[in-house]
Amino acid sequence: PAYSPWLTSVGASTQRRFFQGTVELGNGASYPGASITQGVATPRTLLDAGSVQSGDDFFHAAFIFQHGGKPEDYLLAHSLAVTAIARGRRDAAWIAAATLDRYLGAIGQKQIYGTQYWTRNDGPYTQEPYDRALLSDAMRQAAGVPPLAEQEQTRLKLEADRNQGD
């Protein structure tokens, strides 16, 4: 799962399966190679078949689609997270916030929770575009998202860690 990188690494190293994957760069170049999953096609088949039932199922499916690569995947992930909450997974509030932010960013809108950090053209880490005024810190915290001051500390740490590697 995306939220446990060490689990993904260990799990991937113990599997005797190979999945073909392709990475597409911003300049249009694409490179084939190995992937740790078959992408979102298999989870989508499970969704379409009605096999995703429990709050846990919807919670984990939200994490898969959060990393799908297209705005539609992020919006679906958000819907899955909201359903997970409705089915008893209150801890799905963070992934609901993160998927909404990722979707908004993917369609050129401002994120509202501040869950997404990125760097462009080797510039500094940023959360922009970000509408910090729309939600209060209390609303962020209710969704399991850190307050603005803590987000800025996270951004500065990301930047410091990156600069330390230079």
Side-chain angles (χ1 to χ4, degrees), residues 1-5 8 19-48 52 55 57-87 89-137 139-148 150-159 161-162:
Y3 57 93
S4 299
T8 301
F19 302 118
Q20 181 70 35
T22 302
V23 64
E24 291 187 31
L25 305 181
N27 66 3
S30 63
Y31 300 92
S35 175
I36 62 168
T37 70
Q38 293 178 345
V40 297
T42 300
R44 184 65 206 219
T45 302
L46 294 172
L47 279 173
D48 293 344
V52 177
D57 292 344
F58 283 97
F59 178 81
H60 294 294
F63 275 95
I64 292 169
F65 284 93
Q66 161 80 342
H67 294 94
K70 299 182 299 202
E72 297 80 14
D73 294 330
Y74 311 144
L75 188 56
L76 176 58
H78 178 70
S79 298
L80 294 165
V82 169
T83 304
I85 295 166
R87 297 215 173 167
R89 282 296 300 253
R90 294 198 62 205
D91 60 338
W94 179 86
I95 190 65
T99 53
L100 180 58
D101 276 351
R102 187 164 288 185
Y103 172 72
L104 290 169
I107 63 168
Q109 300 298 310
K110 296 177 182 179
Q111 65 174 320
I112 61 171
Y113 286 96
T115 60
Q116 305 298 301
Y117 299 80
W118 47 78
T119 182
R120 292 183 180 95
N121 301 322
D122 291 326
Y125 273 94
T126 184
Q127 293 170 280
E128 300 303 329
Y130 182 9
D131 184 349
R132 289 171 176 77
L134 183 65
L135 302 178
S136 67
D137 275 347
M139 288 181 71
R140 284 184 189 88
Q141 287 182 304
V145 176
L148 290 173
E150 192 174 325
Q151 290 178 18
E152 178 60 11
Q153 291 302 312
T154 298
R155 190 193 67 75
L156 292 172
K157 179 165 181 2
L158 287 168
E159 191 63 28
D161 289 350
R162 183 179 73 158

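Only heavy atoms go into these numbers, but all of them, side chains included; no hydrogens, no water, no symmetry mates.
The structure places CZ of Arg155 at 12.5 Å from OH of Tyr130, a figure rounded to the nearest 0.5 Å. With rounding to the nearest 0.5 Å, the separation of CG in Asp57 from OG1 in Thr83 is 11.5 Å. Separation of atoms CD (Gln127) and CD (Gln151) is listed at 5.0 Å; rounding is to 0.5 Å. Residue Arg44 holds its CZ atom at 6.0 Å from CZ of Phe65, rounded to the nearest 0.5 Å. To the nearest 0.5 angstrom, Ile95 atom CD1 is 7.5 Å from Phe59 atom CZ. With rounding to the nearest 0.5 angstrom, the CD atom of Gln153 is 11.5 Å from the CG atom of Leu158.
Note on residues 108-130: pairs passing salt bridge (charged side-chain N to carboxylate O under 4.0 Å, His left out), not counting sequence neighbours, are Glu128-Arg132.
A donor-acceptor contact shorter than 3.5 Å links the side chain of Asp101 to the backbone of Gly114. A donor-acceptor pair under 3.5 Å is formed between the side chain of Arg140 and the backbone N or O of Leu135. The main-chain N or O of Gln66 is found under 3.5 Å from a side-chain atom of Arg102 such that the two form a donor-acceptor pair. In terms of modelled atom types and a separation under 3.5 Å, the side chain of Asp131 and the main chain of Ala133 share a donor-acceptor contact. Side-chain N or O atoms of Gln141 include none that pairs as donor or acceptor with a backbone N or O of Pro147 at under 3.5 Å. Although no hydrogens or angles enter the test, the distance criterion places a donor-acceptor pair under 3.5 Å between the side chain of His67 and the main chain of Phe63.
Not counting sequence neighbours, the partners of Thr119 by the side chain to side chain donor-acceptor pair (under 3.5 Å) test are Arg162. Partners of Tyr125 according to the side chain to side chain donor-acceptor pair (under 3.5 Å) rule, which considers only residues two or more places apart in sequence or in another chain, do not exist here.
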What's the verdict on side chain to side chain contact (heavy atoms under 4.5 Å, CB included) for Ile107 and Tyr103, showing C-alpha distance, side-chain angles and the deciding distance?
-> CA-CA 6 Å; Ile107 63 168; Tyr103 172 72; 3.6 Å; yes
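Shown here for Ala84 and Ala92, the closest heavy-atom pair between the two residues is CB-CB, 3.8 Å. Nearest heavy atoms, Ala97 versus Thr115: O-OG1, 4.1 Å. Closest approach of Trp94 and Val145 over heavy atoms only: CD1-CG2, 3.8 Å. The nearest pair of heavy atoms linking Gly68 to Tyr74 is N-CE2, 4.3 Å. In plain terms, the two heavy atoms of Ala77 and Thr99 that are nearest each other are CB-CG2, 3.4 Å.
Annotation: side chain of Leu47 is in contact with side chain of Leu76 (closest heavy-atom distance under 4.5 Å). Between Tyr117 and Thr126, the closest side-chain pair of non-hydrogen atoms is not below 4.5 Å. You'll find the side chain of Glu152 stays beyond 4.5 Å of the side chain of Leu148, heavy atoms only.
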